[in-house]
Visitor: 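For reference, the structure I am asking about is given below.
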Amino acid sequence: MSIQVNNLNAWYGDFHAIKDINLDIADKQVTALIGPSGCGKSTFLRTINRMHEVVEGARVSGEIIVDGKNIYDSDVDPVNVRHKIGMVFQKPNPFPTMSIYDNVVAGLRLNGIKNKKILDEVVEKSLIQANLWDEVKDRLNKNAMGLSGGQQQRLCIARTLAVEPSIILMDEPTSALDPISTLRVEELVHSLKNQYTIIIVTHNMQQAARVSDKTAFFLSGELIEYDDTVTIFSNPKNQKTEDYITGRFG
Ligand SMILES: Nc1ncnc2c1ncn2[C@@H]1O[C@H](COP(=O)(O)OP(=O)(O)OP(=O)(O)O)[C@@H](O)[C@H]1O
């Protein structure tokens, strides 16, 4: 599903964190958000599934059009937006008291689905999609906290996939993982883009170059440059982008 961002601004109280962003995000592509710490990447990401407004005193102006509809229209329920637009966080956050199985189906159960056959199918399908099935199929009823950090993150991705979102937001999904787990999550992102529109915040420029089709460079709440990832990393148009990707600041 494509996303059209029009004149988007976001505030925390008086602090203007996101400044007049205009951006078209293509369907079934991976878009990376890069920029120095505090430039607003996570804030922007959270405006896309209406998580920003959950912070006290936070507000948003402008439009985000998903599937032809502005998600900020007054008749839109933010809970439905968050179903359609899933999110994976920096630190793996499985529900600590639940089994692997129960973690995957937590969202479906919240939606009232109880049929065991359906739940079994969703668990298998989501874990296969998340490249975790083979590692956990014999221990589905074991506690999720017994998994390694990398496995926990793939479990969180399976949990997100289980509710069949059309868009997946990832906020530095590998920053707490070792290099091998990072690679596995990157491979997973690559395989998921046939089916999902993915937006990933990353501090790791090699990662942006490896996994994304498009890259958006943010600085002090502004979108400085947005282009094909290859162009951003080989031939950026803006001097600030060049300074950042060549490590002159950030
Ligand atoms: N809950 C909050 N209340 C007030 N200000 C906030 C809050 N969260 C973030 N900010 C501020 O908004 C600005 C953007 O923060 P944000 O977390 O979006 O940046 P970021 O680019 O994702 O940074 P990082 O790469 O360090 O995670 C920063 O100046 C930050 O201090």
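In each ligand, atom 1 is the first atom listed, and ligand 1 is the first ligand listed.
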Visitor: For Ser175, does its backbone N or O pair with a side-chain atom of Lys91 as donor and acceptor, under 3.5 Å?
Guide: no
Visitor: For Glu135, does the CD atom sit with more than 12 other heavy atoms under 6.0 Å from it, leaving out its own atoms?
Guide: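 Yes - once you tally the heavy atoms of other residues, nucleotides and ligands closer than 6.0 Å, there are more than 12.
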Visitor: Among all the protein's non-hydrogen atoms, which is closest to atom 26 (O) of ligand 1, and how far away is it?
Guide: Ser37 OG, 2.6 Å
Visitor: Only heavy atoms of Thr43, strictly under 4.0 Å: list the atoms of ligand 1 that pass.
Guide: 14 (C), 15 (O), 16 (P), 18 (O)
Visitor: At a 4.0 Å threshold, what atoms of ligand 1 neighbour a non-hydrogen atom of Val55?
Guide: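 So the atoms of ligand 1 that pass are 1 (N).
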Visitor: Quick one: which ligand 1 atoms are inside 4.0 Å of a heavy atom on Glu172?
Guide: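 Those atoms are 25 (O), 27 (O).
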Visitor: Determine, considering heavy atoms only, which of Phe218, Tyr12, Phe15 sits nearest to atom 4 (C) of ligand 1.
Guide: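 The option holding the nearest heavy atom is Tyr12.
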Visitor: Just checking Lys193: does its NZ atom have more than 12 heavy atoms from other residues, nucleotides or ligands closer to it than 6.0 angstrom?
Guide: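 Result for NZ/Lys193: enclosed.
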Visitor: Between Ser99 and Asp102 (side chain of the first, backbone of the second, donor and acceptor by atom type, cut-off under 3.5 Å), is there such a pair?
Guide: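 Looks like yes, one N/O pair under 3.5 Å.
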Visitor: Tell me which one of Gly13, Gly40, Gly38 gets a heavy atom nearest to atom 28 (C) of ligand 1.
Guide: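 Of the listed residues, Gly38 has the closest heavy atom.
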Visitor: Looking only at side-chain N and O atoms, does Gln153 offer a donor or acceptor that is under 3.5 Å from a partner on Ser181?
Guide: no
Visitor: Any donor-acceptor pair under 3.5 Å linking the side-chain atoms of Asp24 with those of Tyr226?
Guide: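 No - no donor-acceptor pair under 3.5 Å links their side chains.
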Visitor: Given the protein's heavy atoms, is any one of them under 4.0 Å from atom 16 (P) of ligand 1?
Guide: yes
Visitor: Hey, is Glu187 close enough to Arg154 for a salt bridge, meaning N to O under 4.0 Å?
Guide: no
Visitor: Look at atom 30 (C) of ligand 1 and say whether a protein heavy atom is found at less than 4.0 angstrom from it.
Guide: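 Answer no: nothing from the protein, no heavy atom, is under 4.0 Å.
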Visitor: Any atoms of ligand 1 less than 4.0 Å from a non-hydrogen atom of His203? List them with their elements.
Guide: 24 (P), 25 (O)
Visitor: I need the contact type for Phe44 against ligand 1. Using non-hydrogen atoms and a strict under-4.0 Å cut-off, is it side chain, backbone, both or neither?
Guide: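 For Phe44, there is no contact with ligand 1 at all, from either part.
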